[in-house]
Number of protein chains: 2
Amino acid sequence: MKNRRLFWRIVDQIESMISGGDFPAGSRLPPERELAEIFDVSRPTIREAIIALEVRERVEVKTGSGVYVLEQNNLSKADMAISAFELTQSRALIEGEVAALAATSITDEELAVLHRTLVDMERGEYAEEADEEFHRVIAVATRNAAMLRTVENLWNLRVSNPQIVSDYGSVCAKSNQHKILDEHTAIYNALKGRDAAAARAAMHKHFNRLINALFDALEAKALEEVKRKASEKRGLYSLDGILHRPT
Amino acid sequence: MKNRRLFWRIVDQIESMISGGDFPAGSRLPPERELAEIFDVSRPTIREAIIALEVRERVEVKTGSGVYVLEQNNLSKADMAISAFELTQSRALIEGEVAALAATSITDEELAVLHRTLVDMERGEYAEEADEEFHRVIAVATRNAAMLRTVENLWNLRVSNPQIVSDYGSVCAKSNQHKILDEHTAIYNALKGRDAAAARAAMHKHFNRLINALFDALEAKALEEVKRKASEKRGLYSLDGILHRPT
DNA sequence: CACGTCTATTGGAATTACCAATTGGTAAAG
DNA sequence: CTTTACCAATTGGTAATTCCAATAGACGTG
């Protein structure tokens, strides 16, 4: 659909200029007539683009004065403050209960779907999708829409927070995938046996290992950082290059 | 600020006409030129209003065809499907874990705030606010932003869903407030004693009674309905009015 | 009856003009 | 020298008009 109306293109351009730092929050945009020249469109088109930005609350229009860039509410500055540890701890406790609840009400069809996610993950393709599907199906099996909604929200927090995605990077690497698979299998077996306590325990074990893995990764990263800085200092203060130099 | 730009007035008018049923979802709005006549403004102004509605996703513009009213995503048709039972069950399990977690990390200041919510509730004023604050502070005490976020989400589900608000109506009536207060006090004491298991149990007990109260209310309502219908039938088929009429 | 073409309708965009609010400078008064 | 009042330039607000492009429905042809 390249037939987007013209003003949307202008909206994108102005928006990228704003987020690109050309117009910091609080600053004034060039007058409409100038923008029309810059983007080589008519003034009405610029006005339409500005109205779109205004509805989106990116700018504020002051009659007779100009168009001003607003602070970005960046929804979820609160979300950004959530760390991978907190998220994983929450998921451990909540999805532990979800698994226990699901064990009492899961159907054979759902168990079959779960088993498919295990096969998918073993094949190695779509590993993340299989992971999501696994946890989601268990939430569905609770017959509780609020639980499903909560589990989905937590997953969304994970994938929408770049910091968390980064922190999970190494933990979910291919080399660790068999661990996830083993733990998922344990959860699956507990659910198959309709054993609520075992399902809860297996889910806790799953997330508990993840938390430890996150700690290990954090520790390794911190250690790396220390080494790097030490190496920098060594470079700065070393006398290797100037002592006993054979001229 | 009565100096709102003209097109905002048009946006409001069109929007109220849509929600007023003049233009059902899927139907086409009158052409821009007609709207300009109807509202006695110029066509560019109509265009600006339509663009605002388009950015808000109330309408869809099809070039050469017309402007069509979109379904209102009334955020959360999925949310509407969540029943009071499901929500309460979720809160029982999740906030049970929250209480257990909080018991290990709650501060004396937070305990003091909790105690204040108990006093507030005892005084009877701001009972709902005190309830919300009570559960919220416990979530804060977990030192886990994801948990806090989840608890807040569940609370929002409750207050934003009219059906759930209605179902909770009788359960949270003043006559039952002392029960809630007693249960909150029990949770508070468990937290004060830093007893995770006791806190979890007290929270479970709290929500478990709520679930039973919801069931009772549902049952009473259904019974009422049966009686009402029976009474209607009685009125329809009764012979009281026509037999042995003293003329 | 099916298919393609033609045309009326409708939105898309540009141009021009003029109005209204704001702003900032300048000149006059104190 | 400071303050105030006014005026003019700037900037957005609205309108009127024109032309273009996409769509849909009518119409005609095979």
Side-chain angles (χ1 to χ4, degrees), chain A residues 1-19 22-72, chain B residues 1-19 22-72:
Chain A
M1 180 70 85
K2 68 169 217 173
N3 283 338
R4 270 195 325 167
R5 287 188 278 153
L6 189 50
F7 80 87
W8 282 118
R9 193 171 57 79
I10 308 299
V11 168
D12 290 343
Q13 291 190 30
I14 295 179
E15 214 158 24
S16 70
M17 286 175 85
I18 290 176
S19 38
D22 291 339
F23 306 116
S27 70
R28 209 195 63 182
L29 258 52
E32 293 182 350
R33 291 167 176 82
E34 269 186 50
L35 289 172
E37 260 189 58
I38 295 173
F39 296 120
D40 193 36
V41 294
S42 71
R43 202 179 141 211
T45 301
I46 295 292
R47 285 181 56 74
E48 291 171 346
I50 289 176
I51 284 169
L53 290 169
E54 190 185 7
V55 174
R56 286 189 185 174
E57 297 189 330
R58 300 271 311 183
V59 300
E60 181 188 7
V61 177
K62 290 189 177 177
T63 305
S65 171
V67 180
Y68 297 84
V69 179
L70 291 175
E71 296 282 355
Q72 268 319 276
Chain B
M1 179 70 82
K2 66 170 215 175
N3 283 339
R4 268 197 325 168
R5 283 133 93 206
L6 189 49
F7 80 86
W8 282 117
R9 191 171 59 79
I10 308 298
V11 168
D12 290 343
Q13 291 189 29
I14 295 179
E15 214 157 23
S16 70
M17 287 174 84
I18 290 175
S19 38
D22 291 340
F23 307 116
S27 70
R28 207 195 65 181
L29 258 52
E32 292 182 351
R33 292 167 176 82
E34 271 185 48
L35 288 172
E37 259 190 57
I38 294 173
F39 296 121
D40 195 35
V41 296
S42 72
R43 205 180 139 208
T45 302
I46 295 292
R47 282 179 57 75
E48 292 173 345
I50 288 176
I51 284 168
L53 289 169
E54 192 184 6
V55 174
R56 286 189 184 174
E57 297 189 331
R58 301 271 312 185
V59 300
E60 180 187 8
V61 177
K62 290 190 177 178
T63 305
S65 171
V67 181
Y68 296 85
V69 180
L70 291 176
E71 295 282 356
Q72 266 322 274

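To find a chain, count down the sequence lines: A is the first, B the second, and so on, and within it residues start at 1.
Closest approach of Val59(A) and Ile50(A) over heavy atoms only: CG2-O, 4.0 Å. Among all heavy-atom pairs drawn from Ile10(A) and Thr45(A), the shortest one is CG1-CG2, 4.1 Å.
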Can you pull every protein N or O that's under 3.5 Å from an N or O on nucleotides 14-20 of chain C?
unit_1	atom_1	unit_2	atom_2	d
dA14(C)	OP2	Ser42(A)	N	3.2
dA14(C)	OP2	Ser42(A)	OG	2.9
dA14(C)	OP2	Thr45(A)	OG1	2.3

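Straight-line distance from the CZ atom of Arg47(A) to the P atom of dT11(D): 15 Å, rounded to whole Å. Note: NZ (Lys62(B)) to C1' (dT10(C)) measures 14 Å, nearest angstrom. Distance, Glu32(A) CD to dT11(D) C1': 8 Å, rounded to whole Å. As a whole-Å value, the separation of Ile46(B) CD1 from dA16(D) P is 12 Å. The CG atom of Leu29(A) sits 9 Å away from the P atom of dG12(D) (whole-angstrom rounding). Distance CH2 (Trp8(A)) to P (dG11(C)): 17 Å, rounded to an integer number of Å. To the nearest angstrom, P of dA15(D) lies 14 Å from CG of Leu35(B). If you measure from atom CD of Glu48(A) to atom P of dG13(D), you get 13 Å, rounded to the nearest angstrom.
With rounding to the nearest 0.5 Å, the separation of CZ in Arg56(B) from CG in Leu70(B) is 14.0 Å. Annotation: the span from Ile46(B) atom CD1 to Phe39(B) atom CZ amounts to 6.0 Å, rounded to 0.5 Å.
Listed by first and then second residue, the salt bridge (Lys or Arg N to Asp or Glu O under 4.0 Å) pairs involving residues 40-55 of chain A are Glu32(A)-Arg43(A), Glu32(A)-Arg47(A), Arg47(A)-Glu48(B), Glu48(A)-Arg47(B), Glu54(A)-Arg5(B) (not counting sequence neighbours).
A distance-only check finds no donor-acceptor pair linking the side chain of Ser65(B) to the backbone of Lys62(B) [under 3.5 Å].
Here Arg28(B) reaches the OP1 or OP2 of dT10(C): one of its side-chain N or O atoms lies under 4.0 Å away.
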